[in-house]
Every structure is written in C-alpha cells, then in structure tokens.
Amino acid sequence: MPFTIATWNINSVRLRLPIVQRLLAEEAPDVLCLQETKCPNELFPLEAFHAAGFPHVAIHGQKGYHGVATISRHPFEREERRDFCQMGDARHLALTLRVGERRIRVHNLYVPAGGDEPDPLVNPKFDHKLRFLAEMRRMRAQEEAGVSSILVGDLNVAPLEHDVWSHKQLLKIVSHTPVETEEMLAIIRDGGWRDLLRRHIPEPAKLYTWWSYRAKDWDAADKGRRLDHIWSSPDLEPHLSDVRILRAARGWTQPSDHVPVLATLDV
DNA sequence: ATGGTGGCACCGCCA
C-alpha cells in the first residue's frame, strides 16, 4: 500500500492553520512533520488535526521559537524528545509508526539556522549549529533490528552544488559553507542514510524547498535553496515511488518561506 | 549593493 510522508517548516502553525489544512486535504499524506510551530503545547490546535482525519498527534513545542509536531493517520509508540546541545530547545521529536506489518521510526528535526557569520569563534549561533550537526552524526538509519527509519525536517543545510541557485555565490553563506555541507554528507554516509529527494531527482537538476521572504519576486528571481530533507534507511529506498516538492505552496495566501516536501513509498 | 520581509512577544530576538 502507498505511504506518504510530508515535511514542512510552517513558521507558526496557528497563523498558517488554513494552509496546513489545505495541504492535508489536497495531498492526503499519511504523516505530516511540522517544524517552527512557534506554539506552546497547551495552545497547539489539536482539534483541527483530529477533525482533518489525523487522530494521532505528537507535539514538542515552546513559546515563541522553534517547535516540532508530527501528525499521523496511523498509531505510533515510543515518543522521544532529544535535547540536542542541552539548550532546552524544542527541535526534535521521534516516534515509531506501525504501518501494516512494518515499523518505521520517524525523526522530525529542526536544525538551528546558524546566524549570518559563518565563523564559530565569533558567532555562537553558528557554533551551536555545528555542534548540533556533530550530534546528528550519532543518528543511525539502522538503529533497531526490524525497524525501518525515516529522518525528515528543516535541516538548514543545502549539501549539494545544485541544492542552491548559485554554488559559487553561496560558498560563504550560512547553509552552504563547506564545513556544513561536508558535515551533512558525513552524517548521511556514516549514518547509512539515503537522501530520497536526490535518489529520485539526481543532480544536476536544481532542487529548492525554500525561498527568502526578502526577495521582491521569489518566483522570478528563483534564488532558492534545498534546506528541507527526507532521508530513509536503505531497506525503504527500493520502495520509493514518488517525491514531490510543492513549489506552488510558496505562492499560497500568507505563505511560509518553506514549501512542503513529500515522499511516497509502496510498503 | 550589505538591504530586504515575516512571526512572536514585547519594544528585541530569531529566521
């Protein structure tokens, strides 16, 4: 049966509830992982997701900043919230889905953006980002026997040359500096992950999931970056049937600066 | 060319 997982940095789940509902109605994913919910747990709009056909919801929020949530049609178990870098930030949520006979561990991550200056000695936010990525090196695709893995989220790194509009012009821009891109490729390699977007649409095709709010005309300028990712354990890769980046959502009413990314597996 | 926009909470911080 087909199984679709979606990931979306929503930049306030309460403000953008109408477009989240639109995504759920139009794309009907099985699971939606949200980042930057910017919503304390007690104010999370649970009922709206229940009404949309998603009875199983896990949240990890905080006031004002960050926050992740995983919304599912299928039941899950073993919720986990890791405190990367021991900063107290709400940036990780894991759970194990039961999909038919299969068990899938789903990690939902929001990696720190890292500020503007790509020097950990003068910019504590960039230092935090590098330490966060170093901690991600310990995440293994094959963690438990008999359990597949999917890792999604706003990872705030565009690792490949064709994940940005201009490789040369972004080499000193946070999200595409060599220290970040090399670290991300090492996380993928050492963790045994498969980059499902690139398995489906290899380079040199350009792939973007984020366009700045600051551009006059984001669509015409098209200065995007691929910051949002879907990775899986190797056993799932042969079951991948489709990948979609919903570029049109960048033009929806009161949009997020990120668009939804979806992967469909035949499981 | 070193701004530009957006959200939240509070008058600045983060992206």
Side-chain angles (χ1 to χ4, degrees), chain A residues 7-23 33-45 48 59-69 83-92 108-120 122-133 136 152-159 163-166 168-177 180-181 184 208-229 247-261:
Chain A
T7 180
W8 196 6
N9 177 320
I10 196 59
N11 188 14
S12 173
V13 67
R14 284 174 290 171
L15 186 70
R16 280 183 242 289
L17 193 55
I19 59 171
V20 177
Q21 289 168 317
R22 177 173 174 182
L23 173 79
C33 295
L34 295 170
Q35 303 86 35
E36 278 208 275
T37 53
K38 296 187 173 178
C39 182
N41 290 339
E42 62 271 21
L43 296 179
F44 193 91
I59 56 180
H60 185 198
Q62 67 183 80
K63 187 176 170 181
Y65 305 105
H66 323 314
V68 290
D83 185 9
F84 282 70
C85 305
Q86 297 179 304
M87 304 271 287
D89 288 353
R91 295 181 178 277
H92 170 266
N108 178 0
L109 276 165
Y110 175 50
V111 173
D116 289 331
E117 180 60 51
D119 180 351
V122 302
N123 175 8
K125 287 188 263 188
F126 194 69
D127 179 65
H128 176 208
K129 184 178 195 175
L130 295 183
R131 288 186 291 108
F132 195 104
L133 292 172
M136 277 180 69
V152 308
D154 175 5
L155 306 186
N156 266 316
V157 177
D163 291 340
V164 293
W165 64 275
S166 170
K168 275 191 180 175
Q169 286 177 258
L170 287 171
L171 278 170
K172 292 181 179 171
I173 301 298
V174 170
S175 74
H176 195 62
T177 64
E180 295 168 86
T181 59
M184 181 143 292
Y208 312 139
T209 66
W210 171 90
W211 292 262
S212 173
Y213 281 128
R214 296 175 188 175
K216 272 185 205 151
D217 185 340
W218 71 271
D219 196 22
D222 201 20
K223 293 184 174 179
R225 305 179 203 169
R226 185 171 73 109
L227 303 180
D228 303 274
H229 298 268
R247 181 183 173 111
R250 184 64 179 77
W252 288 355
T253 307
Q254 206 169 26
S256 169
D257 45 354
H258 296 252
V259 299
V261 178

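Below, read A as the first sequence line, B as the second, and so on, with proteins coming before strands; counting in each chain starts at 1. Scope of the values below: all heavy atoms of this structure, side chains included, with no hydrogens, waters or symmetry mates.
Across A:Ser256 and A:Trp8, no two heavy atoms sit closer than the pair CB-NE1, 4.0 Å. In plain terms, the two heavy atoms of A:Gln62 and A:Gly88 that are nearest each other are OE1-O, 3.9 Å. Nearest approach of A:Val174 to A:Arg225, heavy atoms of both residues: O-NH1, 3.5 Å. Shown here for A:Leu170 and A:Val164, the closest heavy-atom pair between the two residues is CD1-CB, 3.3 Å. For A:Leu130 against A:Pro120, the heavy-atom pair with the smallest separation is CD1-CG, 4.0 Å. In terms of heavy-atom proximity, A:Leu17 sits nearest to A:Pro45 at CD2-CB, 4.0 Å.
At whole-Å resolution of the value, CG in A:Leu227 and P in B:dC14 are 19 Å apart. Rounded to a whole Å, the CG atom of A:Asn9 is 12 Å from the C1' atom of B:dC14. With rounding to whole Å, A:Asp116 atom CG is found 14 Å from B:dG4 atom P. Between the CE atom of A:Met87 and the C1' atom of B:dC13 there is a distance of 13 Å, given to the nearest Å. Residue A:Trp210 contributes atom CH2, which lies 11 Å from atom C1' of B:dT5 at whole-angstrom precision. With rounding to whole Å, A:Leu17 atom CG is found 16 Å from B:dG7 atom C1'. Atom pair A:His66:NE2 and B:dG7:P shows a separation of 18 Å (rounding to whole Å applied). Taking atom CD of residue A:Gln62 and atom C1' of nucleotide B:dC13, one finds them 13 Å apart after rounding to whole Å.
Residue-level contact check: A:Gln254 touches the backbone only, with heavy atoms under 4.0 Å from sugar-phosphate atoms and none from bases. Among the atoms of the strands shown, only primed sugar atoms or phosphate atoms (P, OP1, OP2) are found under 4.0 Å from some heavy atom of A:Arg91.
For the 3.5 Å distance criterion, the side chains of A:Glu36 and A:Asn11 fail to qualify, holding no donor opposite an acceptor. Defined by atom type and a distance below 3.5 Å, a donor-acceptor pair is missing between the side-chain atoms of A:Glu180 and A:Ser175.
With sequence neighbours excluded, no residue forms a side chain to side chain donor-acceptor pair (under 3.5 Å) with A:Arg250.
For DNA chain B, runs of at least 3 consecutive pairs of the Watson-Crick or G-U wobble type, with both hydrogen-bonding distances under 3.5 angstrom, map to B:5-8 with B:12-15.
Of the options A:Asp222, A:Asp219, A:Asp257, a side-chain hydrogen bond (donor to acceptor under 3.5 Å, both in side chains) to A:Trp211 is made by A:Asp222 and by none of the others.
B:dA9 and B:dC14 have their C1' atoms separated by 12 Å, with the value rounded to a whole Å. Rounded to whole Å, the separation between the P atoms of B:dG6 and B:dC10 comes to 22 Å. Nucleotides B:dA15 and B:dG4 have their C1' atoms positioned 13 Å apart, rounded to a whole Å. Distance check on atom P: B:dA1 versus B:dG12 gives 31 Å, rounded to whole Å.
The residue among A:Lys223 and A:Arg16 whose nearest nucleotide of DNA chain B lies closer to the 5′ end is A:Lys223.
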Distances for protein N or O near nucleotides 8-10 of chain B N or O, under 3.5 Å:
unit_1: B:dC8; atom_1: OP1; unit_2: A:Ser12; atom_2: OG; d: 2.2

